[in-house]
Amino acid sequence: TDPVAAEGVLETPIDQEDAIETLVWMPAVSPRDVPMEDESIEAPVEAVRSNVPGRHTRDARSLLRTGLLALKRGDYVAAREAIETCLSMDAFDPKPHYFIARIEMATERFTEAAHALECAVALDAGWFQAYRELARVYEALERTSDAIDAWKQASICVDDEKTRALIRRRVDMLGDS
């Protein structure tokens with residue numbers, strides 16, 4: 001989607017999060033995309049909001065919850081089905097990618113887990129848990145250099161000095177191997 005197409009579309013104030021999402025991910029919306037029977041300014045604003053990836057629907061949240069419960073029960077087939085459906089509803093949400101990775105890890109499909117976690121951190125570069133799991137997956141795949149890089153990114157994402165010290169020790173250990 002072309003972020004330049006979003007210029008000038010917002011005529012009314014929208015909360016900051018919506019405005020940022022809109023300017024970054026908004027598909028082009030023209031006046032002809034908005035139903036003409038409603039002449040109020042709310043119609044175009046709602047049309048823009050409904051087309052912004054990253055906006056959760058109740059259905060997507062419910063599917064994610066269903067998938068997480070199935071994952072906790074060890075029902076990986078049901079978990080994958082629910083979470084992949086959630087992912088198809090919003091590919092820009094990092095959470096479904098992360099939980100797909102958790103399924104892949106549980107079934108020892110580490111290459112697929114790495115791919116899903118790479119998507120998660122690309123969508124949320126400040127997510128400590130995703131970087132931590134990515135580092136562990138890279139270690140399982142014997143991709144030491146990538147594991148070190150992921151651990152370093154995890155360290156940047158955490159405020160706790162004790163956790164940072166543990167990560168430094170892990171990086172040092174991997175660097176010595």
Side-chain angles (χ1 to χ4, degrees), residues 1 3 15-26 52-177:
T1 330
D15 70 350
Q16 187 176 9
E17 181 182 323
D18 283 348
I20 291 169
E21 285 181 0
T22 300
L23 293 175
V24 174
W25 298 110
M26 188 190 87
V52 176
R55 301 290 299 175
H56 293 284
T57 65
R58 285 186 189 158
D59 292 341
R61 286 191 303 266
S62 176
L63 281 166
L64 189 58
R65 245 181 271 119
T66 300
L68 295 178
L69 291 172
L71 179 59
K72 286 181 181 181
R73 284 191 319 267
D75 185 352
Y76 304 125
V77 173
R80 180 183 306 280
E81 182 180 320
I83 295 170
E84 283 181 349
T85 302
C86 178
L87 188 59
S88 72
M89 297 171 86
D90 186 359
F92 296 100
D93 183 353
K95 290 178 187 133
H97 293 281
Y98 176 81
F99 290 112
I100 288 292
R102 297 299 301 252
I103 295 167
E104 303 296 9
M105 292 165 64
T107 57
E108 297 184 4
R109 295 170 38 113
F110 297 112
T111 301
E112 292 82 355
H115 175 73
L117 288 165
E118 288 162 355
C119 290
V121 297
L123 293 167
D124 185 351
W127 193 359
F128 167 76
Q129 291 86 351
Y131 277 113
R132 180 191 62 207
E133 296 307 317
L134 183 57
R136 291 175 176 170
V137 166
Y138 284 153
E139 286 184 38
L141 292 170
E142 298 181 1
R143 292 173 53 182
T144 305
S145 177
D146 291 331
I148 290 170
D149 290 343
W151 279 119
K152 288 178 179 178
Q153 286 298 320
S155 178
I156 292 169
C157 298
V158 69
D159 293 330
D160 178 38
E161 191 52 44
K162 183 178 176 183
T163 304
R164 282 190 178 146
L166 291 170
I167 291 172
R168 280 192 297 274
R169 277 190 273 175
R170 185 72 186 156
V171 167
D172 290 344
M173 188 181 85
L174 287 171
D176 292 339
S177 58

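Numbers here are sequence positions counted from 1.
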Any heavy-atom pair between the side chains of [Y] and [X] that's under 4.5 Å?
| X | Y | answer |
| --- | --- | --- |
| Arg61 | Met89 | no |
| Asp124 | Tyr98 | no |
| Val121 | Gln153 | no |
| Ile148 | Lys152 | yes |
| Arg132 | Trp151 | yes |
| Phe128 | Ile167 | yes |
| Trp127 | Lys95 | yes |
| Leu63 | Ile83 | no |

How close do [X] and [Y] get, heavy atom to heavy atom, and via which atoms?
| X | Y | result |
| --- | --- | --- |
| Ala125 | Cys157 | O-SG, 3.5 Å |
| Leu117 | Ala101 | CG-CB, 3.4 Å |
| Leu134 | Ala114 | CD1-O, 3.8 Å |
| Leu123 | Ala91 | CD1-O, 3.5 Å |
| Cys119 | His97 | CB-ND1, 3.4 Å |
| Ala70 | Ala79 | CB-N, 3.5 Å |

Distance, nearest 0.5 Å, that separates [atom1] of [X] from [atom2] of [Y]:
| X | Y | atom1 | atom2 | answer |
| --- | --- | --- | --- | --- |
| Leu166 | Arg170 | CG | CZ | 11.0 Å |
| Phe110 | Met105 | CZ | CE | 7.0 Å |
| Phe99 | Leu64 | CZ | CG | 6.0 Å |
| Arg102 | Leu68 | CZ | CG | 10.0 Å |
| Arg80 | Leu71 | CZ | CG | 10.5 Å |

Glu84 atom CD, over 12 foreign heavy atoms within 6.0 Å
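More than 12 heavy atoms, drawn from other residues, nucleotides or ligands, come within 6.0 Å of this atom.
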Partners passing side-chain hydrogen bond (donor to acceptor under 3.5 Å, both in side chains) against Glu161 (at least two apart in sequence or in another chain)
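Glu161 satisfies side-chain hydrogen bond (donor to acceptor under 3.5 Å, both in side chains) with Arg168 only.
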Set of residues satisfying ring pair (Phe, Tyr, Trp, His ring centres under 6.0 Å) with respect to Tyr138, sequence neighbours excluded:
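With sequence neighbours excluded, Tyr138 shows a ring pair (Phe, Tyr, Trp, His ring centres under 6.0 Å) to no residue whatsoever.
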Would you say the side-chain atoms of Thr66 pair up with the backbone N or O of Ser62, donor to acceptor, closer than 3.5 Å?
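Checking the backbone N and O of Ser62 against the side chain of Thr66, a donor-acceptor pair under 3.5 Å is found.
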In terms of side-chain geometry, is the basic nitrogen of Arg136 or Glu133 positioned less than 4.0 Å from the acidic oxygen of its partner?
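Salt bridge between Arg136 and Glu133, a charged N being under 4.0 Å from a carboxylate O: yes.
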